[in-house]
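Following: one structure in C-alpha cells, then a few remarks.
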Amino acid sequence: MPLNVGDTAPDFELMNQDKKKIKLSDLRGKKVVLLFYPMDFSPVCSEEHCAFGPDIGKIKKDENTVVFGVSCDQPFAHEAFKKQFHIPYDLLSDVNRKACKAYDLYMGEEPFNVSKRGTVVIDPAGKISYWKEQPILEHRKVDDLAAVI
C-alpha cells in the first residue's frame, strides 16, 4: 500500500556501517531524512553520495535533523563505501528488504532485489512530510533536497 504525506512513518531497526542498531522510533523529536538507493559503489549512487558530502549542511540544517542512506547492502560494504567516498552520514543496511518494502521503495526480486532510489522525510512527530521516488538512473541533487527539507 503506497504511503502518503501525513501517514505515520513505518518503524524499522537497521544496522549502520558500524553494526550499531538504529531504530526510527528512537529518533522521535528529530527530523529524519532517508535517502534510499540501490547499491553501494554503483556509478549513479557513488556520484550522488559524493555530491551530498561537501554540501551536507544544505540538507542537515541543524542538530535536530539526521540523514541516513539506506540500501540493501551489508554493513561491511557500507563501511567501505562510506570511507572511500567520505560520506558524512550513516548508511543503514536493509538486508531483509523490510524498510524499502515498508516505504514502497522496493524494486522487486527479479532481476534486481534492491531498493529503488527515493527520498523520505519524517517530521519530529514521526509523520511522513515528504516522499518521492527518483528515476533509478538519475541522481538526486542537493539543492532539490534542501528545498524540501
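Since we're looking at a predicted model, the values are computed, not measured.
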Side-chain donor/acceptor of [X] to backbone N/O of [Y], under 3.5 Å:
X	Y	result
K82	Y89	yes
S46	P43	no
D123	K127	yes
N96	K98	no
D94	A99	yes
E13	I22	no
K60	V33	no
R140	G118	yes
D55	F52	no

[atom1]-[atom2] distance between [X] and [Y], expressed to the nearest 0.5 angstrom:
X	Y	atom1	atom2	answer
K20	L14	NZ	CG	13.5 Å
Y106	K116	OH	NZ	11.0 Å
I149	S129	CD1	OG	9.0 Å
K61	N64	NZ	CG	13.5 Å
S71	D40	OG	CG	4.5 Å
I122	L27	CD1	CG	8.5 Å

[X] and [Y]: which non-hydrogen atoms are nearest, and at how many Å?
X	Y	answer
L24	A9	CD2-CB, 4.0 Å
I56	P88	CB-CG, 3.9 Å
D90	Q17	OD1-NE2, 2.9 Å

Step through it carefully: locate the ring centre of Y37, locate the ring centre of H49, and say whether they are under 6.0 Å apart.
->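 Between H49 and Y37, which both carry aromatic rings, the centre distance is below 6.0 Å.
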Should the pair E79-K19 be classified as a salt bridge under the 4.0 Å nitrogen-to-oxygen rule?
->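 Not counted as a salt bridge, because no side-chain N and carboxylate O are separated by less than 4.0 Å.
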Just so I know, are the side chains of [X] and [Y] near enough to count as touching, which here means a heavy-atom distance under 4.5 Å?
X	Y	result
F68	L35	no
C72	V95	no
V142	I59	yes
P75	S93	yes
M39	S115	no
V44	I136	no

Evaluation steps, salt bridge (Lys or Arg N to Asp or Glu O under 4.0 Å), between E48 and K141 | CA-CA 8 Å; E48 179 177 71; K141 295 180 178 46; over 6 Å; no
For E63, does the CD atom have more than 12 heavy-atom neighbours from other residues, nucleotides or ligands under 6.0 Å away?
->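 Count not over threshold, so no.
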Does V120 belong to the same Ile/Leu/Val/Met/Phe/Trp/Tyr cluster as V67, with side-chain heavy atoms less than 4.5 Å apart forming each link?
->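 No.
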Say whether F36 and V32 are linked into one hydrophobic cluster, either directly or through other cluster members, by side-chain heavy-atom distances under 4.5 angstrom.
->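 Yes, F36 connects to V32 through the hydrophobic network.
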Tell me, with the steps shown, if S25 and D11 meet side chain to side chain donor-acceptor pair (under 3.5 Å).
-> CA-CA 6 Å; S25 56; D11 200 12; 2.9 Å; yes
Show your reasoning for whether side-chain contact (heavy atoms from CB on, under 4.5 Å) applies to M15 and L92.
-> CA-CA 6 Å; M15 268 197 253; L92 304 181; over 6 Å; no
Quick one: do V121 and I128 satisfy side-chain contact (heavy atoms from CB on, under 4.5 Å)? Show the steps, please.
-> CA-CA 6 Å; V121 179; I128 295 172; over 6 Å; no
Residue pair N16 / H78, side-chain donor-acceptor N/O under 3.5 Å |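 No - no donor-acceptor pair under 3.5 Å links their side chains.
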Residues K30 and T65: side-chain donor-acceptor under 3.5 angstrom |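 Absent: no donor and acceptor within the cut-off.
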Does the pair R97 and N113 meet the rule for a side-chain contact (heavy atoms from CB on, under 4.5 Å), with working shown?
-> CA-CA 8 Å; R97 281 76 175 157; N113 200 24; 3.3 Å; yes
Assign the ring pair F41 / F81 to parallel, tilted or perpendicular, where the plane angle (0 to 90°) is split at 30° and 60°.
->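 It falls in the perpendicular class, over 60°.
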Hey, what's the ring geometry for Y103 with F12, parallel, tilted or perpendicular (30° and 60° as the breaks)?
->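 The rings of Y103 and F12 stand perpendicular, inter-plane angle above 60°.
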Criterion side-chain contact (heavy atoms from CB on, under 4.5 Å) on Y130 and T119, from CA distance to verdict = CA-CA 8 Å; Y130 180 82; T119 305; 4.1 Å; yes
